[in-house]
Protein chains: 2
Amino acid sequence: MPRLYHFTLDPYSRRMRLALNEYGTPAEAVDEQPWAPSQDLSRLNPAGALPVLVEDDGSAVSGVEALGEYLEETRNGGASLIPGNARARAEVRRLTGWFDTKFYAEVAEPVLTEKVVRRFMQREQGGGSPEMTRVRKGLDLLKAHLDYIGKLADGRNWLAGDHLSLADLAGAAHLSAIDYIGDVPWADFPSAKAWFQRLKSRPSYRPLLTDSVRGMPASKSYTDLDF
Amino acid sequence: MPRLYHFTLDPYSRRMRLALNEYGTPAEAVDEQPWAPSQDLSRLNPAGALPVLVEDDGSAVSGVEALGEYLEETRNGGASLIPGNARARAEVRRLTGWFDTKFYAEVAEPVLTEKVVRRFMQREQGGGSPEMTRVRKGLDLLKAHLDYIGKLADGRNWLAGDHLSLADLAGAAHLSAIDYIGDVPWADFPSAKAWFQRLKSRPSYRPLLTDSVRGMPASKSYTDLDF
């Protein structure tokens with residue numbers, strides 16, 4: 001069975017778990033800690049980043065965009081996650097890239113680094129108490145992103161158009177990692193919340209509901225389907 | 001004729017100029033300044049980032065990964081820039097992503113922000129003299145990247161395999177922006193230099209040789225084919 005090297009609260013790893021489940025081709029999960037990469041990980045991906053998929057023949061695929069496209073080309077017996085014509089596919093990829101760069105830089109990186117990663121790092125690596133200024137700024141920018149997600153979800157069936165796509169999984173992966181620590185103000189953004197509820201009810205999401213990180217129990221909203 | 005909103009020394013814009021030339025479908029270039037985006041740009045791409053392609057019917061495609069895939073799907077009458085089977089294509093995209101995230105964060109962003117962008121920004125926007133600590137750190141990390149590029153180019157015909165690909169254009173786009181300001185130590189990295197020379201000799205690269213940025217003449221190595 002293929003293996004997916006991942007970290008539970010890494011948004012890029014979460015997207016690939018969701019994608020593999022949507023394609024109906026799950027992989028065995030191998031836990032990694034981004035702040036202390038194993039020798040295996042460094043060998044499999046020179047960039048040292050998660051996630052990495054290792055196929056049964058030992059070949060490794062890394063790079064989150066590369067892996068998303070690779071799964072679409074090799075696992076697409078079922079539904080496509082980059083559906084439609086070239087324009088529609090460009091919109092899926094634009095939004096996926098939006099989450100990977102803009103959302104990550106503005107929200108996920110500061111919030112998750114400060115509140116999760118630094119908690120597990122040794123002090124000499126930069127571990128310690130979260131820098132709350134960075135967290136507050138990230139959570140403030142999160143509101144604009146939830147607003148944008150709500151606007152997209154109101155005008156379309158899914159974020160990139162009529163069909164569920166990699167863009168929805170990318171957004172859900174980022175948001176759910178932040179929801180794990182209870183920092184998504186769902187009540188203030190009903191359209192984004194309704195979109196996320198639909199995603200969260202899909203069978204592909206179910207395995208993520210029982211995620212747990214040592215010493216950090218999930219927030220109430222994370223485990224609750226009617227959050 | 002389609003239009004490409006770009007900035008001369010933006011590595012992502014440069015890659016798309018090279019790609020459009022390789023496909024044999026050039027676009028009219030519209031100059032933008034990343035530190036002072038026009039209203040047009042903000043309307044065409046909510047992320048405000050370059051490059052953006054505007055098709056003859058007015059539709060816009062943005063997001064550098066999205067645009068790369070879109071061109072491959074709509075301009076691939078000639079040679080493919082994401083060639084081969086799913087594995088080979090994953091390697092093209094892994095390396096492209098390597099340049100877009102790792103090389104950009106470690107080298108291109110600090111060097112180009114400090115030595116180019118801050119020069120043109122108003123003081124109240126953060127403009128001013130370059131922070132040389134950031135530049136020096138970036139140029140130090142550049143050496144490891146040139147070493148990696150050299151190793152790839154020694155073992156393969158092009159960076160991702162037997163054929164020229166988007167990965168070569170991504171690398172060349174980043175490196176040539178830094179070469180414009182004369183900061184690539186080519187002499188110390190003969191394998192990377194030989195690879196770059198082959199790229200620089202291609203017809204697709206020719207229009208870039210006469211690039212010029214107001215008040216910043218190109219380095220000697222930039223304009224010279226036998227640098």
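Every chain is numbered from 1 and lettered A, B, ... according to where its sequence line falls, protein lines coming before strand lines.
Using a 4.5 Å cut-off between heavy atoms, B/R89 contacts chain A through its side chain alone, with no backbone atom that close. There is no contact between B/E91 and chain A, counting heavy-atom distances below 4.5 Å. In this structure, chain A has a heavy atom under 4.5 Å from the side chain of B/T74, while its backbone stays farther away.
Atom NZ of A/K102 has more than 12 heavy atoms from other residues, nucleotides or ligands within 6.0 Å.
Of all heavy-atom pairs spanning B/A86 and A/Y70, the tightest one is O-CD1, 3.6 Å. Taking every heavy atom of both residues into account, A/R93 and B/A66 meet most closely at CB-CB, 3.5 Å.
When the candidates A/G63, A/G97, A/P46 are compared by the number of heavy-atom contacts under 4.5 Å with chain B, A/P46 comes out ahead. Per-residue heavy-atom pair counts under 4.5 Å with chain A were compared for B/E72, B/E65, B/E73, and the maximum is reached by B/E73.
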